[in-house]
Amino acid sequence: MRNLYRFAALRACADSAPVSSETASARFFAMLAVIHHTSTTHSPRTLDALAAELADGRYWLAQKLIVAKGRTRRFAGAFAIARKPELIEFLAGAIDRRDLREMLIAAEWTDGEPNWVVHVGEDGSFAIHTPASARIGP
């Protein structure tokens, strides 16, 4: 089965270099790990509420699509980089067109894991996950 979904309606960052499939896969699985091993979850009820919580900057978007063959799992979704205004515009358009796909969004990070990950559901739901390693105290 071939995945034809792309972030075609998303205006990409003009200053971002193309991302290799290896980098996209590594970033996706790092975001997915935060979802699976989360410490806290917060769920903004609307896109406007989510937008209010996001800082300006660049965000990585990954369609949540995994292909498994035996014990091997491979990222098979679309991947994109966008700034906050373009991200919010894209999400609003996808919700209006009823073409929102399940995806993970995180602010750009360099090493380790992201500070938080937004899990977007096909129904327009949002959940912000904080990694367990960010937990303070026992």
Side-chain angles (χ1 to χ4, degrees):
M1 182 171 87
R2 187 161 169 87
N3 175 34
L4 300 176
Y5 184 77
R6 298 287 174 257
F7 292 113
L10 179 67
R11 289 187 293 140
C13 286
D15 62 345
S16 65
V19 177
S20 70
S21 59
E22 293 83 14
T23 300
S25 180
R27 296 301 178 182
F28 168 76
F29 282 111
M31 289 189 280
L32 189 64
V34 170
I35 299 296
H36 288 172
H37 306 290
T38 189
S39 171
T40 58
T41 303
H42 169 65
S43 299
R45 295 198 175 269
T46 66
L47 180 57
D48 289 337
L50 175 66
E53 295 197 31
L54 299 180
D56 289 336
R58 292 171 22 140
Y59 290 88
W60 293 350
L61 294 76
Q63 178 189 13
K64 190 176 176 197
L65 184 61
I66 301 169
V67 174
K69 185 172 185 178
R71 291 185 175 175
T72 304
R73 296 179 343 150
R74 183 175 60 84
F75 171 62
F79 188 86
I81 300 172
R83 295 200 178 279
K84 179 184 173 182
E86 289 80 15
L87 170 63
I88 299 304
E89 178 184 310
F90 169 76
L91 291 173
I95 290 169
D96 289 345
R97 288 186 312 277
R98 299 189 192 296
D99 189 32
L100 189 61
R101 306 295 171 99
E102 188 175 14
M103 68 183 72
L104 304 178
I105 301 170
E108 189 172 45
W109 80 96
T110 53
D111 293 325
E113 62 187 6
N115 293 332
W116 50 263
V117 175
V118 178
H119 178 227
V120 179
E122 290 181 348
D123 60 353
S125 61
F126 306 103
I128 300 175
H129 298 265
T130 305
S133 62
R135 202 174 6 185
I136 298 174

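The CD1 atom of Ile35 sits 7.0 Å away from the NZ atom of Lys64 when rounded to the nearest 0.5 Å. Here the CG atom belonging to Asp99 is positioned 9.5 Å from the CD atom belonging to Glu122, to the nearest 0.5 angstrom. The distance from atom CZ of Arg45 to atom OG of Ser43, rounded to the nearest 0.5 Å, is 8.0 Å. Here CD1 of Ile105 is found 7.5 Å from CZ of Phe126. Values are rounded to the nearest 0.5 Å. Considering CG of Leu61 and CG of Leu91, their distance stands at 7.0 Å, rounded to 0.5 Å. The line from NE2 of His129 to CG of Leu32 is 10.0 Å long, rounded to the nearest 0.5 Å.
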### Message
Is there a side chain to side chain contact (heavy atoms under 4.5 Å, CB included) between Glu102 and His119? Walk through the geometry before answering.
### Response
CA-CA 7 Å; Glu102 188 175 14; His119 178 227; 2.7 Å; yes
### Task
Might you work through the side-chain hydrogen bond (donor to acceptor under 3.5 Å, both in side chains) test for Ser125 and Asp123, ending with a clear yes or no?
CA-CA 6 Å; Ser125 61; Asp123 60 353; 2.7 Å; yes
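The minimum heavy-atom distance between Asn115 and Thr130, with the atom names listed, is O-CG2, 4.0 Å. Nearest approach of Trp116 to Ile128, heavy atoms of both residues: CB-CG2, 4.2 Å. A pairwise comparison of heavy atoms in Pro131 and Pro114 identifies CG-O, 3.4 Å as the closest pair. The two residues Pro44 and Glu53 have their closest heavy-atom pair at CG-OE2, 3.9 Å. The two residues Leu100 and Gly121 make their nearest non-hydrogen contact at CD2-O, 3.3 Å.
For Ala62, the side-chain contact (heavy atoms from CB on, under 4.5 Å) partners are Phe28, Met31, Phe75, Phe79, not counting sequence neighbours.
Screening Leu87, Ile81, Ile88, Val118 against Tyr59 for a side-chain contact (heavy atoms from CB on, under 4.5 Å) leaves a single residue, Leu87.
Phe29 is listed as a side-chain neighbour of Arg73, based on a closest heavy-atom distance under 4.5 Å.
Looking at Lys84, its side chain does come within 3.5 Å of a backbone N or O of Ala51 through a donor-acceptor pair.
Hydrophobic cluster membership differs between Val67 and Met103, with clusters built from Ile, Leu, Val, Met, Phe, Trp and Tyr side chains linked at under 4.5 angstrom.
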